[in-house]
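Each chain gets a letter, A, B and so on, in the order the sequences are listed, and its residues count up from 1. Bear in mind the structure is a predicted one, so any value in this text is a computation, not a measurement.
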Amino acid sequence: MPTDRIDIRHVARLARLALTDAEIATFAPQLGSLMTHVDALAELDTERVPATAQVVPSRNVQRDDVLRPETILSREAALANAPQAQGAYFRVPRIIAEEG
Amino acid sequence: MDPIHDSARAIARDVNARAVSAAEIAETLIPRAARVDAELGAYRELTPELMRAQARRVDQRIADGDRLALAGVPVAIKDNMCLIGTHTTAGSKILEGFTAPYTATAVQRLLDAGALPIGKTNLDEFAMGSSGENSAFEKTKNPYDLERVPGGSSAGSAASVAGYAATVSLGSDTGGSIREPAAFCNVVGFKPTYGRVSRYGLIAFASSLDQIGPFARSVEDAALTYDTIAGKDPLDATSIDRAVEATADGLRDDLRGVRVGLVKEFALDALDAATRACYESAYADLERLGAELVDVTLPTAEYGLATYYLIAPAECSSNLARFDGVRYGLRVDGADVGEMYERTRAAGFGPEVKRRILIGTYALSSGYYDAYYLKAQKARTRIGEDFARAFERCDVIASPAASSPAFRFNAKSDPVTMYLMDYYTIPGSLAGLPSLSIPCGSVVPEDGTRAMPLGLQLTSPLFTERALLGVAHAYERATLHAEKLALPEICTT
């Protein structure tokens, strides 16, 4: 089983996860081994089988369009756990590059 | 009256009768839990001030004439459930210091019923693991042998109840995270039908599988706790809008007329001889109590693990995208926002969580979705159909909860070997079925000297919690396995 089956650097980029070289060396064979295990699924016939969307039958779930103040976080509560806040906002590093 | 060793039912009865106050129970349990916790590492955090404040409220309500189902009952809460004002870490560095701004519905229902919150329990990071070893914090130990794991992911919820540092507790089960630690720690662990208990305030791992349920030292206490937390919640659209049958008054003492299915694919041949003998004896006990044993088959059960290890990581990779250093939790700065995300997540998540995020992201990535995620959701349909066919021939399915008793720390360093621990619990999870583990005896492991508990798993059709707990109760009262195992000194004095 080739351990380079998954382009782990590409997947890590998709997942927004910085990995060290040591982590890549550890994870690559582990993920390869798991995917080999998972390959067994291919032999299961699912030709005319619908995919599970839900295990318990339920229809569209709707609620009355009313405010429930006790379920709404105040601005203060919402910001209380923020790593960085400024005034009424979450503060984050630059998102848009400066014009050259 | 002994608040440490009494059942939840006895405590509630005595508090309601004002034979003892909730405040006295709190003052007994607070030092007790701290002392046991020093040995077991079951708790992430004890909450003595919250417990005292709640005890005062409960005593006031009793004085005002209320009768409460869990009056004065000390409860422990898995640390992936929010309790307002407490730290809620999910066992992860990425949430270290996070303070819950609201309370999970299941926890609120316990508080409304008079329960006293004793603390938040340790777990495998984001509930991903089968031993408790994936917690970024404490190493939770098995009360029956401190050299062994308590099971996971609800490690501390099982260990605290087993060690008499809580009367009942809440755990969550995605692929076995209540049932396996219950089996390892000689307690009852019950995963209700998917959707029976609201997930509002439970930190999501795999949303189509996650379900909250109780740990207790008896089926009766598990039933009492379940009856309190079950039911539709407008704050969780996936909670079931269907009347909940009370279970605590439906507990039976014999199994006449009950058909117990034994699954051909769960043959005991692969187990070690003593473990196998224990389960054979459990099946014989069920028959002795009047049950009819019938052979059933779940041909797709062997695909359960592969199915689960696509679906659960896929949902995890999506759910854990929210941990990005913006709104809560850890932040590691970077030159731009993208670098901040990558560094935050690299520093905040442990290896098992990273592995599952990678697997899930891969399985959902462009070009692979049909081959992996969609295929797994189809396999899941077939597994559910197999159960439905089996339940035409039986009322409940019996099997081992795990293939071995609790193992030593660091015994399973290969991820796939660890994943195999969930072999028996995963198929029922994929089908959304109610399922529990109940003590069924003990064996001395080959690499040990102490007898370690084993759990019998019982699984029944969707929504049949009342019948399932009834069967478990009859088995428990006839065998009394949990009481036959001597606890280490720390837990009995």
*Can you check side-chain hydrogen bond (donor to acceptor under 3.5 Å, both in side chains) on Tyr341(B) and Arg331(B), steps first, answer last?*
CA-CA 8 Å; Tyr341(B) 293 155; Arg331(B) 173 186 293 186; over 6 Å; no
*In terms of heavy-atom pairs under 4.5 Å with chain B, which of Gln30(A), His10(A), Gln62(A) leads?*
Gln30(A)
*If we only count heavy atoms from C-beta on, is the Pro415(B) to Arg355(B) side-chain gap below 4.5 Å?*
yes
*Output yes when a side-chain donor or acceptor of Asn134(B) lies under 3.5 Å from a complementary backbone atom of Met128(B), and no otherwise.*
yes
*Using the six-membered ring wherever Trp is involved, compare the ring planes of Phe126(B) and Phe323(B) and label them parallel, tilted or perpendicular (cut-offs 30° and 60°).*
tilted
*Side chain, backbone, both or neither: which part of Leu19(A) has an atom under 4.5 Å from a heavy atom of chain B?*
side chain
_Value rounded to 0.5 Å, distance of CD in Glu96(B) from CD1 in Ile94(B)_ = 11.5 Å
_Whether Arg242(B) engages the ring of Phe463(B) as a cation-pi pair (distance to the six-membered ring centre under 6.0 angstrom, angle to the ring normal within 45°) should be assessed._
yes
*Would you mind telling me which of Glu339(B), Glu385(B), Lys354(B), Arg343(B) has the largest number of heavy-atom pairs within less than 4.5 Å of chain A?*
Lys354(B)
*Under 4.5 Å heavy-atom distance to chain A, tell me which part of Thr344(B) shows up: side chain, backbone, both or neither.*
neither
*Proximity breakdown for Ala431(B) and chain A, heavy-atom pairs closer than 4.5 Å*: backbone
_Under 4.5 Å from any heavy atom of chain A, what part of Pro101(B) do you find: side chain, backbone, both or neither?_
both
*Contacting moiety of Ala15(A), where chain B heavy atoms sit under 4.5 Å*: both
_Pair Tyr200(B) and Tyr102(B), ring centroids less than 6.0 Å apart_ = yes
*What part of Val61(A) is in contact with chain B, defined as an atom under 4.5 angstrom from a non-hydrogen atom: side chain, backbone, both or neither?*
side chain
*Are any non-hydrogen side-chain atoms of Glu465(B) and Thr193(B) less than 4.5 angstrom apart?*
yes
*chain A heavy atoms under 4.5 Å from Ala376(B): which part of the residue, side chain, backbone, both or neither?*
both
*With a 4.5 angstrom heavy-atom cut-off, which part of Leu73(A) approaches chain B: side chain, backbone, both or neither?*
side chain
_Under 4.5 Å from any heavy atom of chain B, what part of Glu23(A) do you find: side chain, backbone, both or neither?_
side chain
*When heavy-atom pairs shorter than 4.5 Å are enumerated against chain A, which of Tyr419(B), Phe98(B), Tyr194(B) gives the highest number?*
Phe98(B)
*Measure distances from Ala42(A) to the heavy atoms of chain B and classify the residue's part below 4.5 Å as side chain, backbone, both or neither.*
backbone
*Using non-hydrogen atoms and a 4.5 Å limit, figure out which bit of Val326(B) sits close to chain A: side chain, backbone, both or neither.*
both
*After noting the C-alpha distance and the side-chain angles of Ser207(B) and Asn319(B), does the key distance pass the side-chain hydrogen bond (donor to acceptor under 3.5 Å, both in side chains) rule?*
CA-CA 8 Å; Ser207(B) 304; Asn319(B) 274 321; 3.0 Å; yes
_Counting only non-hydrogen atoms closer than 4.5 Å, does Ile311(B) touch chain A with its backbone (N, CA, C, O), its side chain (CB onward), both, or neither?_
neither
*Heavy-atom pairs under 4.5 Å with chain B, option from Leu41(A), Thr26(A), Val38(A) with the top count*: Leu41(A)
*Can you check whether Val353(B) reaches Arg356(B) side chain to side chain, under 4.5 Å on heavy atoms?*
no
*What part of Pro351(B) lies closer than 4.5 angstrom to a heavy atom of chain A: side chain, backbone, both or neither?*
both
*asked:* Counting heavy-atom pairs under 4.5 Å with chain A, which one of Asp414(B), Thr238(B), Ile359(B), Ile357(B) comes out on top?
replied: Ile359(B)
_Side chains of Val416(B) and Tyr309(B), heavy atoms from C-beta outward: is any pair under 4.5 Å?_
no
*Flag the pair Arg382(B) / Leu44(A) as yes when at least one side-chain heavy-atom distance between them is below 4.5 Å, and no otherwise.*
yes
*Hey, which of Lys378(B), Arg345(B), Met340(B) has the most heavy atom pairs under 4.5 Å with chain A?*
Lys378(B)
_Gly213(B) backbone acceptor or donor facing Lys191(B) side chain under 3.5 Å_ = no
*Please state whether the side chain, the backbone, both or neither of Arg91(A) comes within less than 4.5 Å of a heavy atom of chain B.*
backbone
*Quick one: what part of Ile240(B) sits under 4.5 Å from any heavy atom of chain A, side chain, backbone, both or neither?*
side chain
*Report the option among Arg13(A), Glu43(A), Glu70(A) that has the most heavy-atom pairs separated by less than 4.5 Å from atoms of chain B.*
Glu43(A)
*asked:* Would you say the ring centers of Tyr362(B) and Tyr372(B) fall short of 6.0 Å from each other?
replied: yes
*Checking Thr307(B) against chain A: side chain, backbone, both or neither under 4.5 Å from a heavy atom?*
both
*Which atoms of Ser317(B) approach chain A - backbone, side chain, both or neither, heavy atom under 4.5 Å*: neither
*Pick one of side chain, backbone, both or neither for Leu34(A), based on which atoms fall under 4.5 Å of a heavy atom in chain B.*
both
_Within the 4.5 Å heavy-atom criterion, are Tyr373(B) and Tyr368(B) side-chain neighbours or not?_
no
